[in-house]
S.K.: 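Handing you this structure, nothing more for now.
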Amino acid sequence: MQFKEKVLKLTRKIPKGRVTTYKLIAGKLKTRAYRAVGTALHKNKRLIIIPCHRVVNSNGFIGGYSKGTKKKTELLKKEGIKIKNKKIINFEKILFRF
DNA sequence: CGCAGTCTAGCAC
DNA sequence: GTGCTAGACTGCG
């Protein structure tokens, strides 16, 4: 199992309507490479299967997305997550801590 | 606001 | 096969 495979697998476990952060994922994998987590999601070719739009910065900001942050924001809103000015509302409430 | 830390994938040699 | 660079980040000064 490759590093990115683990990242993707964890990301896929995030329930609908919840989000998590790069930092949490890295920590779950016993590493401090949050940067590498971002890379893994960026390189992943299965944006449909992997809900990488549910992964955000540690402070609740959207961060980046292959298809554009706008698209990411829309997807999150569609799942019931409120977004305001590129930032997640009730971030701490919907944060998924695995 | 700017710099450094940390890890992986991708491309070059 | 080895080495260097960039990347969807974070934390500290």
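Being a predicted model, the structure only gives us computed values, none of them experimental. Proteins get letters first, then strands, A, B, ... in listed order; numbering begins at 1 in each.
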S.K.: Roughly how far, to the nearest 0.5 Å, is CG of A:Asn90 from CG of A:Leu95?
M.R.: 12.0 Å
S.K.: With sequence neighbours left out, write down each residue that passes salt bridge (charged side-chain N to carboxylate O under 4.0 Å, His left out) with A:Glu74, or none if nothing qualifies.
M.R.: none
S.K.: Filter on salt bridge (charged side-chain N to carboxylate O under 4.0 Å, His left out), then keep only pairs touching residues 76-86 of chain A, sequence neighbours left out; what's left?
M.R.: A:Arg54-A:Glu79
S.K.: Taking the nucleotide of DNA chain C with the nearest heavy atom to each, does A:Val37 or A:Ser58 sit closer to the 5' end?
M.R.: A:Val37
S.K.: Which ring-ring contact (aromatic ring centres under 6.0 Å, His included) pairs, counting each pair once, include a residue from residues 8-56 of chain A, with sequence neighbours left out?
M.R.: none
S.K.: Please tell me which of A:Ala33 and A:Lys43 maps to the more 5' nucleotide of DNA chain B, matching each residue to the nucleotide holding its nearest heavy atom.
M.R.: A:Ala33
S.K.: Under a single-linkage definition using a 4.5 Å side-chain heavy-atom cutoff for Ile, Leu, Val, Met, Phe, Trp and Tyr, are A:Ile49 and A:Val37 assigned to the same hydrophobic cluster?
M.R.: yes
S.K.: Output side-chain donor-acceptor pairs under 3.5 Å for residues 5-13 of chain A, partner residues at least two apart or in another chain, one line each.
M.R.:
| unit_1 | atom_1 | unit_2 | atom_2 | d |
| --- | --- | --- | --- | --- |
| A:Thr11 | OG1 | A:Val7 | O | 2.7 |

S.K.: Of the options A:Val19, A:Leu41, A:Thr21, which is the one that meets A:Val55 in a side chain to side chain contact (heavy atoms under 4.5 Å, CB included)?
M.R.: A:Leu41
S.K.: With a 4.0 Å heavy-atom cut-off, tell me which residues in residues 16-32 of chain A come close to DNA chain B, sorted by residue number.
M.R.: A:Thr31, A:Arg32
S.K.: What are the residues of residues 82-98 of chain A, sorted by number, that bring a heavy atom to within less than 4.0 Å of DNA chain C?
M.R.: none
S.K.: With sequence neighbours left out, what residues match A:Phe61 under ring-ring contact (aromatic ring centres under 6.0 Å, His included)?
M.R.: none
S.K.: Which pairs pass ring-ring contact (aromatic ring centres under 6.0 Å, His included) with one or both residues in residues 75-98 of chain A, sequence neighbours excluded?
M.R.: A:Phe96-A:Phe98
S.K.: So that I can compare with my own list, what are the stems of DNA chain C, taken as at least three consecutive Watson-Crick or G-U pairs with distances under 3.5 Å?
M.R.: B:1-5 with C:9-13, B:7-13 with C:1-7
S.K.: Given atom NZ of A:Lys6 and atom C1' of B:dT8, what is their separation to the nearest angstrom?
M.R.: 13 Å
S.K.: Quick one: A:Tyr34 OH to B:dT8 P, roughly how many Å, whole number?
M.R.: 14 Å
S.K.: Restricting to pairs with a member in residues 55-65 of chain A, which pass salt bridge (charged side-chain N to carboxylate O under 4.0 Å, His left out), not counting sequence neighbours?
M.R.: none
S.K.: Taking any atom closer than 4.0 angstrom to a non-hydrogen atom of chain A, what span of DNA chain C does the protein reach, first nucleotide to last?
M.R.: C:dG7 to C:dG11
S.K.: May I ask you to say what A:Thr39 touches in the nucleic acid, namely base, sugar-phosphate or nothing, with a heavy-atom cut-off under 4.0 Å?
M.R.: base
S.K.: Please give me the minimum heavy-atom distance between A:Phe3 and A:Ala33, naming the atom from each residue.
M.R.: CZ-O, 4.4 Å
S.K.: Could you pull out all residues at least two apart from A:Lys67 that satisfy side chain to side chain contact (heavy atoms under 4.5 Å, CB included)?
M.R.: A:Leu47, A:Tyr65, A:Lys71
S.K.: Between CG of A:Leu76 and CD1 of A:Ile88, what distance do you get to the nearest 0.5 Å?
M.R.: 5.5 Å
